[in-house]
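To find a chain, count down the sequence lines: A is the first, B the second, and so on, and within it residues start at 1.
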Number of protein chains: 2
Amino acid sequence: MEKQNNEIDSVAENLAHIVPILKRIFIKGLRTKTNLSPQTLYTLGALSYHKKLTMSGIGNHLSVPKPHVTALVDKLIAEGLVERLSDERDRRIIYIQLTEKGKDTFKEVKRMMTESFRAELSIFDEDKIHKMYECSRYIRETLDEMAKSFQTGCCSGN
Amino acid sequence: MEKQNNEIDSVAENLAHIVPILKRIFIKGLRTKTNLSPQTLYTLGALSYHKKLTMSGIGNHLSVPKPHVTALVDKLIAEGLVERLSDERDRRIIYIQLTEKGKDTFKEVKRMMTESFRAELSIFDEDKIHKMYECSRYIRETLDEMAKSFQTGCCSGN
DNA sequence: GATAATAGTTATAATTTTGTAACCATTATT
DNA sequence: AATAATGGTTACAAAATTATAACTATTATC
């Protein structure tokens, strides 16, 4: 039990450690190449993964205050990248989903993101890359599983 | 070779996908509990790991424009968390390192960061936690290795 | 020794993100 | 039907981050 807690702490420390590195790799490289802010890019990513999200859902996924979600989505709609869908059953709810243009744009964003990363990672041998693939997938799946469970409780009015 | 490229792309996608989740887990929870901004916390983290960094070094690690590094460090010095050291050999260079108070503070920050994460992750069984530990460590080490190699080239004047 | 390059700072502005309060429309509760 | 709760928006302010240009001090180069 003690050992288990130590391992959890190490996981937390390792993951916290890589956040600024990942931000540098993926976000910074994009800033000059697109007129979308990091959060709008995350929004596209969340929509690409979940297909359809409510406004609150987006806020929860990205930990963004609800009023700001409106602004983000407004921006994306102005660019023609997402669209609103109303729920027949509950007319308060608004679903957001990617348009075709949005899907294409996100695909392109992903390509640009991957491009530089590929050069960096390809200095490693095949085994290492494969292990990185497995590890990153495992962490992604586990975090997604975790994320489903917890309500942020963040930012009042969210 | 094709397979390898596909795997690299997946790694990039997986890692990009977890960034907002990690930000939510580690950063958002801290905001109310400390008067330090995310970037100053990252700075403490980088200093805790590297022991000693130049101003430019900090900027490179966090992809922060050099002028802003000055502001971040000024803030940390005002809080008594870091100190400047001049290099005898080259008097242009200023090293930054944690003070004792800085070490203690960062330890406490890490504790707070871990606390909530522990509750989330502990719903999983021992094997899964152990695997998360191994995967996170592997990714951390690989990214650190990668990070050493690449110069950001980001932000003019950095 | 003059010139260029490097490390860091000052000053300033724009953009992005975060935080709050008040509000409308719709649905749920009583 | 009145009241409360939910989902979303509007309006506004504050904080954090990013971006530039111009500058000082020091070291490297020619």
Nearest-0.5 Å distance, OH of residue A:Tyr49 to NE2 of residue A:His61: 9.0 Å

Atom pair OH (A:Tyr95) and CD (A:Glu83), whose distance is rounded to the nearest 0.5 Å: 14.5 Å

Using atom types as modelled and distance alone, determine if a side-chain donor or acceptor of [X] lies under 3.5 Å from a backbone N or O of [Y].
X: B:Thr54; Y: B:Ile94; answer: no
X: B:Lys23; Y: A:Ser63; answer: no
X: B:Thr43; Y: B:Gln39; answer: yes

Could you give the [atom1]-to-[atom2] distance, from [X] to [N], as a whole number of Å?
X: A:Ile58; N: D:dT9; atom1: CD1; atom2: C1'; value: 14 Å
X: A:Asp87; N: D:dT6; atom1: CG; atom2: C1'; value: 13 Å
X: A:Arg89; N: C:dT27; atom1: CZ; atom2: P; value: 11 Å
X: B:Lys66; N: D:dA19; atom1: NZ; atom2: P; value: 15 Å
X: B:Leu36; N: D:dA15; atom1: CG; atom2: C1'; value: 14 Å
X: A:Arg31; N: D:dA16; atom1: CZ; atom2: C1'; value: 12 Å
X: B:Lys23; N: D:dA16; atom1: NZ; atom2: P; value: 14 Å
X: A:Asp90; N: D:dG8; atom1: CG; atom2: P; value: 9 Å

Residue whose closest nucleotide on DNA chain C lies nearer the 5' end, B:Asp74 versus A:His68: B:Asp74

Residue whose closest nucleotide on DNA chain C lies nearer the 5' end, A:Arg92 versus A:Thr40: A:Thr40

I want to verify a distance call: between [options], whose nearest atom is closest to the [X] side chain?
X: A:Met55; options: C:dT18, D:dG8, C:dT17; result: D:dG8
X: A:Pro65; options: C:dT16, C:dT18, C:dT26; result: C:dT18
X: B:Ile93; options: D:dG7, C:dA7, D:dT27; result: C:dA7
X: B:Thr70; options: D:dG7, C:dG19, C:dT9; result: C:dT9

Quick one: is [N] close enough that its OP1 or OP2 comes under 4.0 Å of any side-chain N or O from [X]?
X: B:Gln39; N: D:dA16; answer: no
X: A:Ser56; N: D:dT6; answer: no
X: A:Ser37; N: C:dT17; answer: yes

Under 3.5 Å donor-acceptor pair, B:Arg91 side-chain atoms to D:dT26 base atoms: no

Most 5' of A:Arg84 and A:Thr32 on DNA chain D, judged by nearest nucleotide: A:Arg84

